[in-house]
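What follows is a single structure, written as structure tokens, with notes after it.
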Amino acid sequence: MADTNKQIASIFNQMADVLQILDANRFRIIAMQKAARVVKELTTDTASMTHAELLSLDGVGKGTADKIVEFCETGQMIEHNELLKEIPKGLPDLLNIPGLGAKTVALLWKEADIVSIKSLERALKKPELLTSIKGLGQKKIDMIAKNLAFAEQAGKRHTIGRAHLKAVYFVAQLRQLKEVKQAAYAGSLRRGKETIGDIDILVAADPKHASIVTERFTALEPVEDVMLSGKTKTSVRTKGGIQVDLRIIAPESYGAALMYFTGSKEHNVVLRERAQSMGMTLSEYALTDKQTEKTVAARTEEEIYKALGLDFIPPELREDRGEIIAAEEHKLPKLVTQRDIHAELHAHTHASDGLLSIRELAGLAYDRGFHTIAVTDHSKSQVQAHGLDEKRLEQHIKDIHAVRDEMAGKIHVLAGSEVDILADGKLDYPNSLLKQLDIVVASPHSALSQTGKKATDRLIKAINNPYVHIIGHPTGRLLARREGMSPDMNTIIKAAADRGIALEINANHHRLDLRDTHARAAIEAGCLLAINTDAHRPNDFNELQYGLLTARRAWAEPKNIVNCFAEDKLMGWLKSCRP
DNA sequence: GCCGTTTTCGGCCCGACTGTTTTCAGTCG
Ligand SMILES: Nc1nc2c(ncn2[C@H]2C[C@H](O)[C@@H](COP(=O)(O)OP(=O)(O)OP(=O)(O)O)O2)c(=O)[nH]1
Ligand SMILES: [Mg+2]
Ligand SMILES: [Mg+2]
Ligand SMILES: [Zn+2]
């Protein structure tokens, strides 16, 4: 299962931390961090891969492949164990203190015997001992003391829903200034990542007006603390505990800056290497010819990609996951957009735990321009959600049919169910009942800590039920709350592809399940996907945007998404899943 | 430690902000 990949990635990152404190070659450290990232993003369990397959991964060489094999066979890595012996156990924790890096951590350890956050706290009570160390002054010690409190929340990430709302507020505020020519959020938020580390905002303004912009920014109501502020760059922490980075750039560099600030870091590095190899250099200011020092492109992202010999790469793809080669070969996907979505296939009414009537739900979907809405309330085991027993479902079907007839000619109203996949993979209704439904979404809601074969078998059983159309939120994860199941995703994908049914990208920003990498693996295996909001309330329809971002990060085109099918095609597909 | 339409050895992105520095290192984006 992918748990192994996660463990290996975590070990590589730990090793990188230790090596950093030990002042090892920085490129070796970068290589190790890259290997960690590549393994972590892999859908295929490394334990099932051959040495040669491992070597074929970008960023995995002989050393890394050997270590992965060693871990899969023995459950540990000798080099990892050896490295851990080199430094005190609590020392890497110090790296979580903002502004404190490996060099200073090593200094504190060697010169002041500081071995953990606890011993640092003690040492800070006698700061004169610390400031006497060469390279440490009063200000640095003050900074450490201040930032100590934030070590714990370092690395904590925010849901995209929350970060998006805040970012829209900051951008709107900054746009009110007449000095601001353009403003946009960038970073992981623009790339549509499932969780957001911080909010990155770019402003185009004449450099001589930069201080006006900075002053307005730091004076905004949610700003709690200004962490750092210069002529072009300011970082603040909000009262809600989100970091916001503001970058101010001259309008003529806006494209280069947007590209830089959108990232990802890994994407930027590859582009900059590419520029180098073409006799140019790329920064947040411009793409520049090295010989003539003339600007080749800077104003728009499109111009810069073009000058680098690349098709425009949508932000969601900028992760160094093969997009640069694809852009060079004109093989980027035509990504799904909001306009391509014509159906909602997973939504609730007040029959179970939704707030809407069938009629209201259908009306909202119609207002969105959809040709189809599926009513899929919970099944009987979902007691806390007022799941419907067989008798209630039979009545519910009649009620849905009544609305269906009412809305005929406007929108198709499908009678469906979100039937629970029980812990053993059985469904919560008998087939005789499922058969009467136009559409069946089968989802796991309990026993979500299952791993490996148990989780895999459970989902496969549901996939192979002849009346199921969609597996809803397949892992059951809740971002920042629970991991969800970790089945063998390749096996799940293969089974769903063979049956011709769809795996869901649940668009709710707490779920985003399937995640981007798994959804991409599904598409590559020819498996259909559904993007559903799982609406319980009117506003939930707006969650679609997050599901779309995730689908785009999975390189999804409309043909991969059942919600994009035209009416006939959708009805044909629903039929084709059934015996 | 990884990698190769100039390379199997010698590179590996580029710049802002801060502090302690008298010319630059550390950290971060
Ligand atoms: N060229 C270059 N760009 C970087 C580097 N680090 C960060 N960036 C750029 C790309 C990032 O997307 C952007 C914003 O940095 P962040 O640290 O906020 O990362 P990002 O928003 O991608 O992820 P996050 O969710 O905030 O952790 O700045 C770097 O080392 N080199
Ligand atoms: Mg960010
Ligand atoms: Mg940032
Ligand atoms: Zn649901």
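Since we're looking at a predicted model, the values are computed, not measured. A note on names: the letters A, B, ... follow the listed sequences, proteins ahead of strands, and every chain is numbered from 1.
- Distances were taken from every side-chain heavy atom of A/Lys233 (C-beta onward) to each of B/dC2, B/dG29, B/dT20; the shortest belongs to B/dG29.
- B/dT8 makes up no base pair with any nucleotide shown, lacking Watson-Crick or G-U wobble contacts both under 3.5 Å.
- For A/Thr232, a side-chain nitrogen or oxygen approaches OP1 or OP2 of B/dC17 to under 4.0 Å.
- Within 4.0 Å (heavy atoms only), A/Asp58 reaches sugar-phosphate atoms of the nucleic acid but no base atom.
- Residue A/Val60 is in sugar-phosphate contact alone, with no base atom involved, counting any heavy-atom pair closer than 4.0 Å across all strands shown.
- When each of B/dG29, B/dC2, B/dG26 is scored by its nearest atom to the side-chain atoms of A/Lys103, the top-ranked nucleotide is B/dG26.
- Protein atom CG of A/Asp198 is 6 Å distant from nucleotide atom P of B/dG29, rounded to whole Å.
- Regarding A/Leu228, its CG atom lies at a distance of 13 Å from the C1' atom of B/dG26, rounded to whole Å.
- Distances from the side chain of A/Met32 to the nucleotides B/dG29, B/dG1, B/dG15 place B/dG1 closest.
- Close to B/dC17, at under 4.0 Å from its OP1 or OP2, lies no side-chain N or O of A/Ser229.
- Contact check, A/Tyr285 against B/dA16: a side-chain N or O comes under 4.0 Å of OP1 or OP2.
- Atom CD1 in A/Ile97 sits about 15 Å away from atom C1' in B/dG26, given to the nearest Å.
- Side-chain nitrogen and oxygen atoms of A/Thr104 include at least one within less than 4.0 Å of the OP1 or OP2 phosphate oxygen of B/dT27.
- Remark: A/Thr281 is in phosphate contact with B/dC14, judged by side-chain N or O atoms under 4.0 Å from OP1 or OP2.
- Counting any heavy atom pair closer than 4.0 Å across all strands shown, A/Ile141 reaches no nucleic acid atom.
- Salt-bridge check for A/Arg190 with A/Glu316: failed, with every basic side-chain N at 4.0 Å or more from each acidic carboxylate O.
- Aromatic pair A/His80/A/Phe12: ring centres not closer than 6.0 Å.
- Remark: P of B/dT27 and CG of A/Asn96 are 14 Å apart, rounded to the nearest angstrom.
- Closest contact between the side chain of A/Glu79 and the listed nucleotides B/dG29, B/dG1, B/dT20 involves B/dG1.
- Listed pair A/Arg272 / B/dC13 fails the phosphate criterion, with no side-chain N or O lying under 4.0 Å from OP1 or OP2.
- Atom-to-atom, CE of A/Met280 to P of B/dC13 comes out at 16 Å; the value is rounded to the nearest Å.
- To the nearest angstrom, P of B/dC17 lies 10 Å from CD1 of A/Ile249.
- Here the side chain of A/Asn147 pairs no donor or acceptor atom with the backbone of A/Phe150 at under 3.5 angstrom.
- Taking the six-membered ring where the residue is Trp, the centroids of A/Phe170 and A/Phe217 are separated by under 6.0 Å.
- Syn is the conformation of B/dT7, whose glycosidic angle sits no further than 90° from 0.
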| Given A/Arg157 and A/Glu194, is the salt bridge (charged side-chain N to carboxylate O under 4.0 Å, His left out) satisfied, shown in steps? | CA-CA 10 Å; A/Arg157 304 183 61 82; A/Glu194 62 191 31; over 6 Å; no
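- Between the side chain of A/Asn25 and the backbone N or O of A/Arg28 there is at least one donor-acceptor pair closer than 3.5 Å.
- In this structure, CD of A/Glu284 is placed 11 Å from P of B/dC14, rounded to the nearest angstrom.
- When the side-chain nitrogen and oxygen atoms of A/Gln243 are compared with OP1 and OP2 of B/dG29, one or more of them lie within a distance under 4.0 Å.
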